[in-house]
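Lettering follows sequence order; numbering is per chain, from 1.
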2 protein chains.
Amino acid sequence: MPKLGMEPLRRRALIDATVAAIGEHGSLDVTMSQIAGRAGVSSALAHHYFGAKDDLLRATMRSLLADLGRELRARLAGATTPRARLSAIVAVNFSAQQFGEEVVAAWLAFYVEAQRSPEMRRLLNVYARRLHSNLTAALAGLMPRSEAIHVAEGIAAMIDGLYIRRALKNGAPDPVSAIALVEDYVALQIASKEHR
Amino acid sequence: MPKLGMEPLRRRALIDATVAAIGEHGSLDVTMSQIAGRAGVSSALAHHYFGAKDDLLRATMRSLLADLGRELRARLAGATTPRARLSAIVAVNFSAQQFGEEVVAAWLAFYVEAQRSPEMRRLLNVYARRLHSNLTAALAGLMPRSEAIHVAEGIAAMIDGLYIRRALKNGAPDPVSAIALVEDYVALQIASKEHR
DNA sequence: TTCTTTATTGATTGACGCGTCAATAAAAAA
DNA sequence: TTTTTTATTGACGCGTCAATCAATAAAGAA
């Protein structure tokens, strides 16, 4: 009983199922059948809409990046001062959406995949550059640009590191203390550059 | 023409080949044949000495951890002050051995695998705890213990984050600037706690 | 020399997973 | 009503890969 206009619904369901499957499994080693089953369809349908498995994985990664960008834009809209913009950028990376177990596991898996797939590496670089430029722009209002670039790298590295620790869920840092750790670093850097 | 006493040689060659294969491939998705071929033997021999593939991977991870521990102990031996011990711990993580492309890629791949394998997660936790306790011990000579614990987490996260960026080799941080970034963080934290 | 242990591999098996295809069914167009 | 388009799946082929096994060969022990 095929109702028409299923395509967008199926695409979304399959992408969500992909994130969930990767998140639960902890790697990209998930079968098309597992993903499709989770979305309530057959594996053949997943191929019908996405072609090869790689295409589905790429689409899933783009979806994650789009979500992140959307949330970032929303939070930045209400932040006027450089200091507030900094906190907004930090906060978005540890929001319930982005710092959720499944999403974090998926990110980590995609990072690994990016070593093989140039397309995925390109996508990740776009994100990394955007994060870095956002951080630098905000920091530049509080310190010399050359130092801002430096500090931005430190912040980005710390965020990535906290993602790893989250994925390994041992001494899993909760979002609150993770934010506190990064904010502490930010505050220290600003203060040290301030009283010259 | 089997010479005797091959076992230790083969084991080492196979483990080295595993690191190399993982490093080049960027994931644990390497076949036993690829690994064995790189070590100059047949895949059957790899199974003969290690059993299942998982066993070889676990042995490889233990080898990486052992190397790291050995180098850490060596560097700590010559460091007397808390400040020197801190720098030694940081430096080890970015040494030519540990921060080499292959080794970094292998670490990242094992991190992902640890989400599935409890045994690997256990091994990684041992390392994480040892790193954390070493850092905390050194920091405790320079600030209150409660703060030392906090700062140790920040350092560890930053190191992990720099590993990821190294693996993605885009804005790949060279060892020197990576060390500078972490040392800067350490110095700032110490200074801020110092002049109370 | 004969036997046993160690080293080594080619061939094989069995499982598994991607991607394809033909077939079915219903909605919409002709 | 016939035809076309959209939705959907079960079955299958093909390739890959981990793991096993029987066979070969040399070194040392008996």
Next on the checklist: A side-chain contact here means heavy atoms from C-beta on lying under 4.5 Å apart; do A/Asp67 and A/Val103 qualify?
Outcome noted: no
Item to check | Most 5' of A/Val30 and B/Val41 on DNA chain C, judged by nearest nucleotide | outcome: B/Val41
Checklist entry - Roughly how many Å is it from CG in A/Leu9 to C1' in D/dT6, rounded to a whole number? => result 14 Å
Checklist entry - Can a salt bridge be assigned to the pair A/Arg58 and A/Glu113 using a cut-off of 4.0 Å between side-chain N and carboxylate O? => result no
Checklist entry - When we call it a touch if two heavy atoms are under 4.0 Å apart, what does B/Gly5 touch: a base, just sugar-phosphate, or nothing? => result sugar-phosphate
Item to check | Electrostatic pair B/Glu119:B/Arg122 at N-O distance under 4.0 angstrom | outcome: yes
Checklist outcome for this item: When rounded to whole Å, the NE2 to P distance for the pair B/His48 and C/dT5 reads 14 Å
Checklist entry - Nearest to the side chain of A/Ala44 - D/dG10, C/dG19, D/dT6? => result D/dG10
Item to check | A/Phe94 and A/Tyr163 aromatic ring geometry - parallel, tilted or perpendicular at 30°/60° bounds | outcome: tilted
Checklist outcome for this item: When rounded to whole Å, the CG to C1' distance for the pair B/Asp54 and D/dA19 reads 12 Å
Checklist entry - Quick one: is C/dT6 close enough that its OP1 or OP2 comes under 4.0 Å of any side-chain N or O from B/Tyr49? => result no
Item to check | Nearest-angstrom distance from the residue atom NE2 of A/His47 to C1' of D/dC14 | outcome: 14 Å
Item to check | A/Leu28 side chain near B/Asp29 side chain, heavy-atom distance below 4.5 Å | outcome: no
Checklist outcome for this item: In whole angstroms, the gap separating P of D/dT5 from CD of A/Glu7 amounts to 16 Å
Checklist entry - Given atom NZ of B/Lys53 and atom P of D/dA19, what is their separation to the nearest angstrom? => result 8 Å
Item to check | B/Leu45 CG to C/dT6 P, straight-line distance once rounded to whole Å | outcome: 14 Å
Checklist entry - Distance check: side-chain N/O of B/Arg10 vs OP1/OP2 of C/dT8, anything under 4.0 Å? => result yes
Checklist entry - Taking CE from B/Met32 and P from D/dT16, how many angstroms apart are they, rounded to a whole number? => result 19 Å
Next on the checklist: Under 4.0 Å, heavy atoms only, any strand: does A/Ser42 hit a base, just the sugar-phosphate, or nothing?
Outcome noted: base
Checklist entry - So what does A/Phe50 touch, heavy atoms closer than 4.0 Å: a base, only the sugar-phosphate, or nothing? => result nothing
